[in-house]
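Following: one structure in structure tokens, then a few remarks.
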Amino acid sequence: MMDYYNEMYSGDKVREPYARLSEWVETMPADFRQMKQAEAEELFRRIGITFAVYGEGGDPDRLIPFDMMPRVFDQTEWRKLERGIKQRARALNAFLRDVYGRGEIIRAGRIPARLVYQNEAYEKAVVGVVPPRGVYSHIIGIDLVRTGKDEFFVLEDNCRTPSGVSYMLENREIMMRMFPQLFRQNRIEPVDQYPELLRRTLESVAPPKCKDRPTCVILTPGHFNSAYYEHSFLANLMGVELVEGQDLFVDGEFVYMRTTQGPKRVDVIYRRIDDPFLDPLCFRTDSMLGVPGLMDVYRSGGVSICSAPGAGVADDKAIYTFVPEMIRFYLGEKPILNNVQTWTLWKDDDYKHVMANLPDLVVKEVHGSGGYGMLVGPKSTKEEIETFRKKVEANPSNYIAQPTLALSTTPTFVEEGIAPRHVDLRPYCLCGDRIELVPGGLTRVALKEGSLVVNSSQGGGVKDTWVLSE
């Protein structure tokens, strides 16, 4: 049986970051806790914070499960994470500049050419195009797991349009509203500056042809998208327009937004739609979500797209295995945060090892997300394992495998009171004229006892993440 690191307790003693929370939990009557939990759910319902679950029938929009017990980091823990995340963000953007340019890391034999140039996320349409400040991925969500006191691992990088930041902000807002005394008793670093930092990041990568203060917009696929709440939430907090493809049009060298006062030029588009749908004249011809001619304006320096088209090649799960090598190659540094041990099934030896040990491993599709398209061996039946084995045999290069990690646990409110549940963390790193992140992130928690899958679509919830001030 696995031994899991409990973030609140060291043996029988409460760890210092959780000292005041321990007193809070012990003195909270059960009926008061249940009342507050109901209050939190009502606030989430009133605000409209939902997520989408597809393929299960019925209403796909569900209330995000919220746990009132915060997760806490002290400054020493956070400083290490912050340094490691910023280092990783620099390396990922250096990689993108390189592979859409000279491809030095491939020439040097550090990464196989086919993994990059034959990757479905590699966009030939932007080869040779260098975005402002050389930044391709402007908002990077780094998924982290913890297995011990000083042991943090990167599970995956999200370089395209990482979601969940609205939960990070709303979790904090609701906790402050329900338990103001906790914030008086604990010195907790704020996260509410994120929208301001995001807007400043977007403005800092305005295109060369922008001469005045940039006009930024958020481009959404529309209200049927699972993250639409977040799109509208961020637009409101940043004070920018939320637009759909039909609200924008190209005229000459620029992109314009339709307004009641007439056309208004747009300089920076924070897109929340995938590459294939951005421009029907360049990518999918059947796309109704994008803007015809957008890519021509982008390539000529008339508009910035954040994150840049083609950035997804950096967060492919097969490319993920090479990020430590990117850090050494581009930065000349030793990685601060390690990857999880990963077997890539296009290698014969790795394939043989994985197929012989499927019941003990986690196997993921290279392009999968949201907890779908994966096998958690120790939690699967023999039939499920054999069914998945056939999928892998049919296309081995479509999969990677990792050991079943002993994810750390944090105390979580359950029906009976409080119990340990497994968690991960997604901090959000902003890359523009500087690299910065707010202290904290989105903690996702596997609410089912024994589950290691934290995705909301798979039964997970969220909780507030505290970084204590010194």
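A distance of 9.5 Å separates CG in L242 from CG in L234, rounded to the nearest 0.5 Å.
Ring centers of Y399 and F388: under 6.0 Å apart, within the cut-off. For Y136 and Y100, the distance between ring centers is under 6.0 angstrom.
When all heavy atoms of G460 and L447 are compared, the pair lying nearest together is C-CD1, 4.2 Å. Here the closest non-hydrogen pair linking P276 and F283 is O-CB, 3.2 Å. E384 approaches L375 most closely through the heavy-atom pair O-CD1, 4.2 Å. Scanning both residues, V438 and W78, for their nearest heavy atoms gives O-CZ2, 3.4 Å. M374 approaches V362 most closely through the heavy-atom pair CE-CG1, 3.6 Å. Of all the heavy atoms in Q87 and P335, the pair that sits closest is OE1-CA, 3.4 Å.
For D67 (side chain) and V462 (main-chain N/O), no donor-acceptor pair under 3.5 Å exists by modelled atom type. Checked by atom type and distance alone, the side chain of Y320 never pairs as donor or acceptor with a backbone atom of A314 at under 3.5 Å. In this structure a side-chain-to-backbone donor-acceptor pair under 3.5 Å is present from D350 to T344. At distances below 3.5 Å, not a single donor-acceptor pair connects side-chain atoms of Y167 with backbone N or O atoms of I64. Proximity of a side-chain donor or acceptor of S451 to a complementary backbone N or O of K448 within less than 3.5 Å is not detected. Side-chain atoms of N357 come within 3.5 Å of backbone atoms of H353 as a donor-acceptor pair (strictly under, hydrogens ignored). At distances below 3.5 Å, not a single donor-acceptor pair connects side-chain atoms of T215 with backbone N or O atoms of V266. A donor-acceptor pair under 3.5 Å is absent between the side-chain atoms of D247 and the main chain of V243, judged by distance alone. Listed for the K264 side chain is no donor-acceptor partner under 3.5 Å among the backbone atoms of Q261.
Using a 4.0 Å cut-off between a side-chain N of Lys or Arg and a carboxylate O of Asp or Glu, R88 and D157 qualify as a salt bridge. The pair R284-D286 meets the salt-bridge criterion, since a charged nitrogen lies less than 4.0 angstrom from a carboxylate oxygen. Ion pairing between E253 and K209 holds under the 4.0 Å rule for side-chain N and carboxylate O. With respect to the salt-bridge test (charged N to carboxylate O, under 4.0 angstrom), the residues E41 and R46 do not qualify. Under a 4.0 Å N-O distance rule, the pair E203/R200 does not qualify as a salt bridge. Comment: K86 engages E82 in a salt bridge, judged by a side-chain N to carboxylate O separation of less than 4.0 angstrom. Between R272 and E230 there is a salt bridge, since a side-chain N of the basic residue sits under 4.0 Å from a carboxylate O of the acidic one. The pair R389-E386 meets the salt-bridge criterion, since a charged nitrogen lies less than 4.0 angstrom from a carboxylate oxygen. Classification of D274 and R160 as a salt-bridged pair fails, no side-chain N sitting under 4.0 Å from a carboxylate O.
Contact check for S307 versus T161: no side-chain heavy atoms found under the 4.5 Å cut-off. The side-chain heavy atoms of E244 and T220, taken from C-beta on, include a pair separated by under 4.5 Å. Residues Y270 and L219 have side chains not in contact (no heavy-atom distance under 4.5 Å, counting atoms from C-beta outward). Between F322 and P112, the closest side-chain pair of non-hydrogen atoms falls below 4.5 Å. Looking at heavy atoms from C-beta onward, L361 lies in side-chain contact with W343 at the 4.5 angstrom threshold.
Applying the side-chain contact (heavy atoms from CB on, under 4.5 Å) test between P427 and each of I140, I85, T465 identifies I85 as the sole match. If you run side-chain hydrogen bond (donor to acceptor under 3.5 Å, both in side chains) between T410 and each of K463, R421, R146, H422, only K463 comes through.
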task: Just do the side chain to side chain donor-acceptor pair (under 3.5 Å) check on N119 and D316 with the steps written out, would you?
output: CA-CA 8 Å; N119 193 303; D316 183 280; 3.1 Å; yes

task: I would like to know whether M238 and L202 meet side chain to side chain contact (heavy atoms under 4.5 Å, CB included); could you show each step before the answer?
output: CA-CA 11 Å; M238 285 198 292; L202 298 177; 4.2 Å; yes

Chi angles and distances behind the side chain to side chain contact (heavy atoms under 4.5 Å, CB included) call for E170, F233: CA-CA 10 Å; E170 290 288 24; F233 176 81; 3.1 Å; yes

- prompt: Between C429 and I435, is a side chain to side chain contact (heavy atoms under 4.5 Å, CB included) present by the stated rule, with each step listed?
  reply: CA-CA 7 Å; C429 188; I435 299 178; 3.4 Å; yes

- request: Run the numbers on V454 and V445 for side chain to side chain contact (heavy atoms under 4.5 Å, CB included), then give the verdict.
  value: CA-CA 5 Å; V454 299; V445 53; 5.9 Å; no

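At least one test fails for R110 against the ring of F329: distance under 6.0 Å to the centre or angle within 45° of the axis. A cation-pi arrangement is found for R114 relative to W346, the charged atom lying closer than 6.0 Å to the ring centre and inside a 45° cone about the ring normal.
In the displayed structure, E42 atom CD is contacted under 6.0 Å by more than 12 heavy atoms of other residues, nucleotides or ligands.
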